[in-house]
Amino acid sequence: MNTLTDRYLAATLRSVPAPRRDEIATELRASIEDMIEDRTGGGADAAVAEREVLTELGNPDRLAARYADRRLQLLGPTYYLVWLRLLKLLLSFIPALAGTVVAVVAVVEGKGFGAIGPGLVVALHVAVHICFWLTLVFVLIERSQSPVDLPEWTVDELPDVPAHRDVSLVDTIAAVAMLVVFIGYLPLQHFQSWVRDTDGDNIPLLDPALWSFWLPALIGVLALDVVFEIVKYRIGRWSWRLFATKALLNLAFTVPVVWLALSDRLLNPALGERFDWLAVADNREILAVIIALSTAGIAVWELIDTALKTRRQTT
């Protein structure tokens with residue numbers, strides 16, 4: 001026999017536990033025959049009634065899942081919210097941390113900007129592994145016979161109403177990223193400046209004598225600037241106190257750089273041996289003025305922009 005009912009029974013029984021197949025087969029066949037008999041008793045054709053009954057019963061795999069008390073989803077609602085919250089938490093910092101460590105190690109090994117690629121690849125791999133293994137753990141927990149008792153939700157878990165932010169997360173991330181890259185480049189240029197002497201040795205762009213005080217001090221100011229950007233984002237809007245702090249940080253960086261440039265102490269004197277035009281005093285003075293004016297111009301523009309934002313957000 002190879003009727004539609006036989007085929008439907010075979011498709012259903014293949015997905016149910018073997019010890020229950022005979023019981024389910026007898027019960028399901030009887031139900032199908034009763035439903036067909038009810039329709040034919042009303043004058044319907046037997047073949048048409050059989051097709052309508054099986055269509056009404058639906059997909060045999062779904063019916064088998066109901067008989068076997070088996071879920072038709074990878075992760076059900078019991079643990080979904082816990083899984084999602086933990087997944088977001090782990091993905092928020094672990095891939096970035098792993099990628100940063102790999103990139104820093106590559107930079108120390110002298111790979112320069114070539115360190116970015118391995119860092120991104122490692123971050124992506126770590127993110128994929130977190131998603132896979134965390135999901136697998138929750139799937140196994142949900143399908144185990146001993147359910148995990150989760151704490152009941154209470155109103156104490158309600159978050160505060162989100163405050164309106166005039167400082168966006170995108171702007172903060174961009175500012176912090178630029179500062180981190182700048183901070184990283186200051187020591188990097190001492191080992192990999194992409195300027196070589198005639199023997200192929202590296203020539204730092206900045207005067208190595210600055211490492212005795214000025215470069216560590218400038219790195220410290222930039223690090224404080226990173227902290228400032230994070231604090232500013234947490235507060236969510238500009239204030240005149242934040243404006244004053246930003247102005248002090250700008251001055252703490254701009255004034256030394258301008259003074260070092262104009263006093264011919266910023267750039268490495270060895271660059272004059274590599275580039276003939278830098279060996280000319282007038283050319284060095286012109287370059288120093290360009291550096292000083294550019295640095296001061298950026299600082300002034302940033303202060304004006306910050307003052308306008310502060311005035312707009314405090315009125």
Q | Reported CZ-to-CD distance for the pair R39 and E56, which is rounded to 0.5 angstrom | A | 5.0 Å
Q) So how far is it from T12 OG1 to R7 CZ, rounded to the nearest 0.5 Å? A) 12.5 Å
Q.
When you measure from the side chain of Q189 to the backbone of L205, do you find a donor-acceptor pair of N or O atoms at a distance under 3.5 Å?
A. yes
Q. Is the shortest heavy-atom distance from the side chain of F228 to the side chain of L242 under 4.5 Å?
A. yes
**Q.** Check: V82 and F138 side chains under 4.5 Å, non-hydrogen atoms
**A.** yes
Q) Say you draw a straight line from CG of L140 to OG1 of T135; how long is it, rounded to the nearest 0.5 Å? A) 11.0 Å
(Q) Distance check, rounded to the nearest 0.5 Å: N250 atom CG versus I298 atom CD1? (A) 10.5 Å
Q.
Please give me the minimum heavy-atom distance between V126 and P95, naming the atom from each residue.
A. CG1-CA, 4.0 Å
Q: For S212 and A209, indicate whether the former's side chain and the latter's backbone hold a donor-acceptor pair under 3.5 Å.
A: yes
(Q) Are T172 and V167 packed together at the side-chain level, in the sense that at least one heavy-atom pair is separated by less than 4.5 angstrom? (A) yes
(Q) Just to verify, what does F243 make a ring pair (Phe, Tyr, Trp, His ring centres under 6.0 Å) with, not counting sequence neighbours? (A) W240
Q. Do other residues, nucleotides or ligands put more than 12 heavy atoms under 6.0 Å from the CG atom of D305?
A. yes
(Q) If I take atom OG1 from residue T254 and atom CG from residue L249, how far apart are they, to the nearest 0.5 angstrom? (A) 10.0 Å
Q. Would you call L186 and L222 a side-chain contact if the rule is heavy atoms closer than 4.5 Å?
A. yes
Q. R21 side chain to V16 main-chain N or O, any donor-acceptor pair under 3.5 Å?
A. yes
Q: List the atom of I219, the atom of P187, and the distance in Å for their closest heavy-atom pair.
A: CD1-CD, 4.4 Å
Identify every side-chain donor-acceptor pair in residues 257-268 under 3.5 Å, counting partners at least two apart or on other chains, and give the distances.
{"from": "S263", "atom 1": "OG", "to": "W259", "atom 2": "O", "distance (Å)": "2.7"}
{"from": "S263", "atom 1": "OG", "to": "L260", "atom 2": "O", "distance (Å)": "3.3"}
{"from": "D264", "atom 1": "OD2", "to": "R284", "atom 2": "NE", "distance (Å)": "3.4"}
{"from": "N268", "atom 1": "OD1", "to": "A270", "atom 2": "N", "distance (Å)": "3.1"}
{"from": "N268", "atom 1": "ND2", "to": "P204", "atom 2": "O", "distance (Å)": "2.9"}

Q. Can you say whether the rings of F253 and F182 are parallel (under 30°), tilted (30 to 60°) or perpendicular (over 60°)?
A. perpendicular
Q) Should L84 and L91 be regarded as members of a common hydrophobic cluster, given that ILVMFWY residues are connected when their side-chain heavy atoms come within less than 4.5 Å of each other, either directly or indirectly? A) yes
Q: First locate atom CH2 of W277, then atom CG of L287, and finally report the distance between them rounded to the nearest 0.5 Å.
A: 5.0 Å
Give every donor-acceptor pair under 3.5 Å between a side-chain atom in residues 27-37 and any protein atom, sequence neighbours left out.
{"from": "R29", "atom 1": "NH1", "to": "D6", "atom 2": "OD1", "distance (Å)": "3.3"}
{"from": "R29", "atom 1": "NH2", "to": "D6", "atom 2": "OD1", "distance (Å)": "3.0"}
{"from": "S31", "atom 1": "OG", "to": "E27", "atom 2": "O", "distance (Å)": "3.0"}

